[in-house]
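Shown next, in structure tokens, is the structure this report addresses.
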Protein chains: 2
Amino acid sequence: MAISPELLARLEAIVGPSYISIDPEVLKHYGHDETEDLVFPPNVVVKPGSTQEIAELLKVANQFKMPVTPIGARTGLSGGALCVYEGIGLSMERLNSIIEIDEQNLQVTVEPAVITQVLREAVAEKGLFYPVDPSSMGSCFIGGNVAENSGGARAVKYGVTKDYVLNLEVVLPNGEIIWTGANTLKNSTGYNLTQLMVGSEGTLGVITKIVLKLIPLNAHNILMLVPFFKAEEACEAVSALFRAGIVPSALEFMERDAIDFALRYVEGISIAVPDAVQAHLLIEVDGNYPEVLMQEAEKIMHVVEQFAIDEILFADTEDQKKALWKMRRSVAEAVKANSVYKEEDTVVPRYMLPELLTGVKKIGDKYGFKSVCYGHAGDGNLHINILKGDLTDAHWTHEVPKGIRELFELTVRLRGTLSGEHGIGLVQKNYMDIAFSKVHLELMERIKHVFDPNNILNPGKIFPDHL
Amino acid sequence: MAISPELLARLEAIVGPSYISIDPEVLKHYGHDETEDLVFPPNVVVKPGSTQEIAELLKVANQFKMPVTPIGARTGLSGGALCVYEGIGLSMERLNSIIEIDEQNLQVTVEPAVITQVLREAVAEKGLFYPVDPSSMGSCFIGGNVAENSGGARAVKYGVTKDYVLNLEVVLPNGEIIWTGANTLKNSTGYNLTQLMVGSEGTLGVITKIVLKLIPLNAHNILMLVPFFKAEEACEAVSALFRAGIVPSALEFMERDAIDFALRYVEGISIAVPDAVQAHLLIEVDGNYPEVLMQEAEKIMHVVEQFAIDEILFADTEDQKKALWKMRRSVAEAVKANSVYKEEDTVVPRYMLPELLTGVKKIGDKYGFKSVCYGHAGDGNLHINILKGDLTDAHWTHEVPKGIRELFELTVRLRGTLSGEHGIGLVQKNYMDIAFSKVHLELMERIKHVFDPNNILNPGKIFPDHL
């Protein structure tokens, strides 16, 4: 799709000449996120500075029926921000203010381009806690978290992004501006458009302000790394911990390969892992009473010792804790440094994890691919990185997707679904028929049409090519 | 609207002759809930026994363009189940099985007509906790809780119904059956139709199965009743408690009148309340470590003692705890036994409570009505019972609604909204313009149209008469 000089002039009049670009290098920069090696540049990048400017931009785009793709920090893993139909790349980067930390009501109002870690630190200074911590929190935007309903390591105790979003300012594709709800903890007033917007991947409206619930900050935590001799037993231990009444604040699974990749990739961490160890659980408990945490840690030890494990490593210092978390958070990057990969974000009821893991390996054998598995086991959320390695392009393009289809079929059979926290975006959309009937997909598509009758907003995402 | 013999025969063929009635007494019985003294009987009551029968019923109703109103336990407070356009009263009462308590995954699958208390007790026997406890939990259905997104006393720590709903089986108005999501704790797979359905008050589909998240049951709690000499200070203490880092498992506010009504109404409870006491807070903390709860209770005492309070009453025995909760849960019934009333379910950010309470009294003075206020103060959710008392019918019908309009305008000005947990239903729908712009209401109405193009399902609810 080409962009006309007239449209360019209209866009420039809205944002000003400093905030619009058609420089190919710039377009390419805004044309990729962290999904595989995909690049889909827009025809033009605009960087509006206000809700009002976004409203004006969308009105014009609608008039020209020009695709508009909201772009955040481009840390996404499902291609949600890729401009697959070119058009206007709507970079949200200038809307990056923390508008108000409301200490009286334990809420924060932010613009979408605030970096999640910056937000967490700003509220922590006031003794408040925003618990959602995607692995990319050091660079991702809170607006992207809302768009994809991101999770993270603490979701197992504290929930995901959707559980903290109270209210959203949204620009609809026709340029109208609404607040979806109210700044209240409870709300039974009309349809829940707030939750409809969360996880809608920028296809229903452009989020311009976000009101989040906060909770009091916990003072203490204990972090331990438990090495298992059998990967399936590590998965089994996950469900056993909950059945013992323990609610950890993090419960992360890493296959042997995941930890090996990370240890080679991250500097300054050395952990001796015996050859016989097949997997690790990284387990954290948090709270305000250290003596209670000690008791919880003992309960955890009691549960995991029923499985075949090596010696448990307790992080004694803040530096050790940071190192362990850095290792865990670096797995994806470490694997990527080694090979192009496709990442699947499967989620199942947590007791089904061992069966999922076994199934993934069998499917890998059948289709000839190697996978590295890790993720938020407490939520039943298993990230499966499928490595390209030495596979031919033909095999990668034609055979591996068949294996992925089988993998999602297994996931759904186990009462799970395609994506726990990354979204469907571009790269999973053609598997949607596995999770949803035609009736169901058409219902979603008609909802999309209510918001965006001209299909200008982030087209080519979520819905399969052939519905 | 009359119902044709042909349609009656079609309905009877679906549910069988034992489960259909046009007896006027039966119709009247199904024509009211707990909202004021309103009665809107259907033309016919049907009691289907399965999802499949409901699907067939909806297909026929659609063909005849006949209104269908899903009816639960009729404990609602917003008139959501009233058959305002007559038609078919769809009683869900026979779908009352607990299908599966999944102890491995901490989930339960139920049919909608399971009584909430029955569900809570069934999972508690397995050491599991379903925390949502509306005051009517001894008689309300879990399906009604989902339809209205009900809250309750424990919402302040544990959240409301929406926070526990993982997946729903829904019959769409055209008779198609879908599962809205997956049985997983996280889900970023397409639009969140689960959360769109929760709180949609039976206007988008008929919920036939519900998968709920459960958590481990806490072993201990401490319950205390704190008498305040100033009602506004009781409200102020609410926000002070959270700012001190305390997360109580219940934090309930009762005006002096509320407690007096309840004490007269409920037998077997005697609490001496000095004349100077204007309000009470009922505060509970729960957890697994009694010594921690003692520390939390001390922190609470430290906070509330900064206000003008009388002696704190600690519930020493299970019987005392039950008595205090019975008193709190009986307030609405006790007030009702005294006078016809309108109940408003206002919700604001909790720090705004004192201002809301003061405003309510001022508006009452202006419009000549007396109100009894109580509710879930920890959530900023204030129930306002407006008593008819000696007011003339003309005043009640024409003047009081003007006062209610001012009251909601105040609520929205304080960044709150119309309903925290009762829904909009029939009696609040003509105030919706206060909370939402025309654009916003039309968006909701178009979503309704996507699901229900013939507007057969629970017509006359949520949307104002003149949009």
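Chain naming here is simple, since letters A, B, ... match the order of the sequence lines and numbering starts at 1 in each. Remember, it's a predicted structure, so these values are computed and weren't measured experimentally.
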Check for a donor-acceptor pair, side chain of A/Ser188 on one end and backbone N or O of B/Glu148 on the other, with a separation under 3.5 Å. yes
Taking every heavy-atom pair that is under 4.5 Å apart, which of B/Tyr351, B/Trp179, B/Phe463 has the most such pairs with chain A? B/Tyr351
Under a 4.5 Å heavy-atom cut-off, does chain A meet the side chain of B/Glu103, its backbone, both or neither? backbone
Which bit of A/Leu128 comes within less than 4.5 Å of chain B, counting heavy atoms only: side chain, backbone, both or neither? neither
Interchain contact, A/His449 with chain B, by part (heavy-atom threshold 4.5 Å): neither
A quick test of your reading: do over 12 heavy atoms of other residues, nucleotides or ligands sit less than 6.0 Å from OH of A/Tyr431? yes
Let me see the working for A/Val247 and B/Ile215 under side chain to side chain contact (heavy atoms under 4.5 Å, CB included), right down to the final yes or no. CA-CA 9 Å; A/Val247 181; B/Ile215 56 179; 5.9 Å; no
Taken to the nearest 0.5 Å, the spacing of B/Arg446 CZ from A/Ile447 CD1 works out to 12.5 Å
Under 6.0 Å from the CZ atom of A/Phe242, do we count more than 12 heavy atoms belonging to anything else shown? yes
Which atoms of A/Asn381 approach chain B - backbone, side chain, both or neither, heavy atom under 4.5 Å: side chain
Under a 4.5 Å heavy-atom cut-off, does chain B meet the side chain of A/Asp102, its backbone, both or neither? side chain
Measuring centre to centre across the rings, with the benzene-like ring taken for any Trp, is A/Phe451 within less than 6.0 Å of B/Tyr191? no
Given A/Gln107, A/Glu291, A/Gln295, the one with more heavy-atom pairs under 4.5 angstrom with chain B than any other is A/Gln295
Can you find a pair of side-chain heavy atoms, one from B/Leu443 and one from A/Ile178, that are under 4.5 Å apart? yes
Is the backbone of A/Arg350 close enough, under 3.5 Å, to the side chain of B/Asn105 for a donor and an acceptor to pair up by distance? yes
Per-residue tally against chain B (heavy atom, under 4.5 Å) across A/His422, A/Lys448, A/Glu201, A/Lys429 peaks at A/Lys448
Is it the backbone or the side chain of B/Gln428 that comes under 4.5 Å from a heavy atom of chain A, or both, or neither? neither
Considering all heavy atoms of both residues, which atom of A/Ser239 and which atom of B/Gln104 are nearest to each other, and what is their separation? OG-O, 3.4 Å
Heavy atoms only, distances under 4.5 angstrom: which of A/Gly151, A/Gly190, A/Ser437 has the most pairs with chain B? Name it, please. A/Gly190
Which atoms of B/Ile177 are under 4.5 Å from chain A, going by heavy atoms: the side chain, the backbone, both sets, or neither? neither
Could you tell me which portion of B/Asp345 (side chain, backbone, both or neither) has an atom closer than 4.5 angstrom to a non-hydrogen atom of chain A? neither
Is chain A contacted by the side chain of B/Val348, its backbone, both, or neither, given a heavy-atom distance below 4.5 Å? backbone
In terms of heavy-atom pairs under 4.5 Å with chain B, the winner among A/Gly287, A/Ala182, A/Ala155, A/Gly127 is A/Ala182
Take atom CD of A/Glu236 as the centre, draw a 6.0 Å sphere, and report whether it contains more than 12 heavy atoms from other residues, nucleotides or ligands. yes
Under 4.0 Å between a side-chain nitrogen and a carboxylate oxygen: does that hold for A/Arg415 and B/Glu100? yes
Given heavy-atom pairs under 4.5 angstrom as the criterion, report whether the side chain, backbone, both or neither of B/Met432 touches chain A. side chain
Are A/Asn192 and B/Val198 side-chain neighbours, meaning at least one heavy-atom pair lies under 4.5 Å? no
With only heavy atoms counted, which part of A/Glu296 is less than 4.5 Å from chain B, the side chain, the backbone, both or neither? both
Just wondering, do A/Asn187 and B/Ser419 contact through their side chains at under 4.5 Å, heavy atoms? no
What residue in A/Val292, A/Leu196, A/Asn218, A/Val156 has the most heavy-atom pairs under 4.5 Å with chain B? A/Val292
Residue, of B/Gly378, B/Gly423, B/Gly199, B/Ala244, that accumulates the most heavy atom pairs under 4.5 Å with chain A: B/Gly423
Please assess B/His376 against A/Lys186 for the test side chain to side chain contact (heavy atoms under 4.5 Å, CB included), listing each intermediate value before the final yes or no. CA-CA 10 Å; B/His376 314 299; A/Lys186 293 162 126 179; 3.2 Å; yes
Rounded to the nearest 0.5 Å, what's the gap from CG on B/Asn183 to CE on A/Met352? Could you check? 8.5 Å
Donor-acceptor check, side chain of A/Thr184 to backbone of B/Val347, threshold 3.5 angstrom: yes or no? no
Which atoms of A/Glu442 approach chain B - backbone, side chain, both or neither, heavy atom under 4.5 Å: neither
Give a yes or no on this: more than 12 heavy atoms of other residues, nucleotides or ligands lie within 6.0 Å of atom NZ of B/Lys126. no
Which region of A/Val450, side chain (C-beta onward) or backbone (N, CA, C, O), has a non-hydrogen atom less than 4.5 Å from a non-hydrogen atom of chain B, or is it both or neither? both
Best-contacting candidate, A/Leu441, A/Thr180, A/Thr161, A/Asn167, against chain B by heavy atom pairs under 4.5 angstrom: A/Thr180
Please state whether the side chain, the backbone, both or neither of A/Leu193 comes within less than 4.5 Å of a heavy atom of chain B. side chain
Provide the closest heavy-atom pair for B/Thr189 versus A/Phe436 in the form atom of the first, atom of the second, distance. O-CZ, 3.3 Å
Region of B/Ile462 in contact with chain A, defined by heavy-atom distances below 4.5 Å: side chain
Residue B/Lys162 versus chain A: region with a heavy atom under 4.5 Å: side chain
Winner by heavy-atom pair count (cut-off under 4.5 Å) against chain A, out of B/Ile246, B/Leu204, B/Asn174, B/Leu414: B/Leu204
